[in-house]
Amino acid sequence: MRSLYQHKSRKPLKRPALLFLALLALWLLLSPYGLWRYAKVSGELKELRADSQRLEAQNRELLTEITRLQNDPAYIEEVARREYGLLKENEILFDFRRSRP
């Protein structure tokens, strides 16, 4: 005779427990708070950090150029000649590049 404290077989609980664990695993992977979303957001964060570093470097370069344009007459002259083709007074420009028909 069995005592009242002895449990029956645990097989009936096995299937629902496995189903629950499978559903929980799917939810952890595919939910808005799941691993898939986490991986996607982590990738986006990595890209944004790289963009931020690139923009910070570009900012430093621009600040250096601004400083040079404000304080360096030789640099201003160089930019004027290179970018705008300006010449000094009584200076003549000879262009020896071949023009193609």
* For Tyr38, look at atom OH and say whether over 12 heavy atoms of other residues, nucleotides or ligands are found less than 6.0 Å away. => no

* Quick check: does any side chain N or O of Thr64 sit under 3.5 Å from a backbone N or O of Arg60, one acting as donor and the other as acceptor? -> yes

* Checking side-chain contact (heavy atoms from CB on, under 4.5 Å) for the pair Glu65/Glu61: CA distance, chi angles, key distance, verdict? -> CA-CA 6 Å; Glu65 184 169 0; Glu61 291 172 8; over 6 Å; no

* Asked: Rounded to the nearest 0.5 Å, what separation is found between the CG atom of Leu86 and the CG atom of Leu93?
  -> 11.0 Å

* Asked: Considering residues, nucleotides and ligands other than Arg82, do more than 12 of their heavy atoms fall under 6.0 Å from its CZ?
  -> yes

* Could you tell me the separation between the CG atom of Asn59 and the CZ atom of Arg54, rounded to the nearest 0.5 Å? => 10.5 Å

* To do: Rounded to the nearest 0.5 Å, what's the gap from CZ on Arg68 to CD on Glu78? Could you check?
  => 6.5 Å

* Asked: How many angstroms lie between OG in Ser42 and CZ in Arg37, if you round to the nearest 0.5 Å?
  -> 10.5 Å

* Structure fact -> Output for pair (Leu63 CG, Gln58 CD), nearest 0.5 Å, gives 11.0 Å

* Residue pair Val79 / Leu69: nearest heavy atoms and the distance that separates them -> CG2-CD2, 4.4 Å

* **Value rounded to 0.5 Å, distance of CD in Glu56 from CD in Gln53** => 7.0 Å

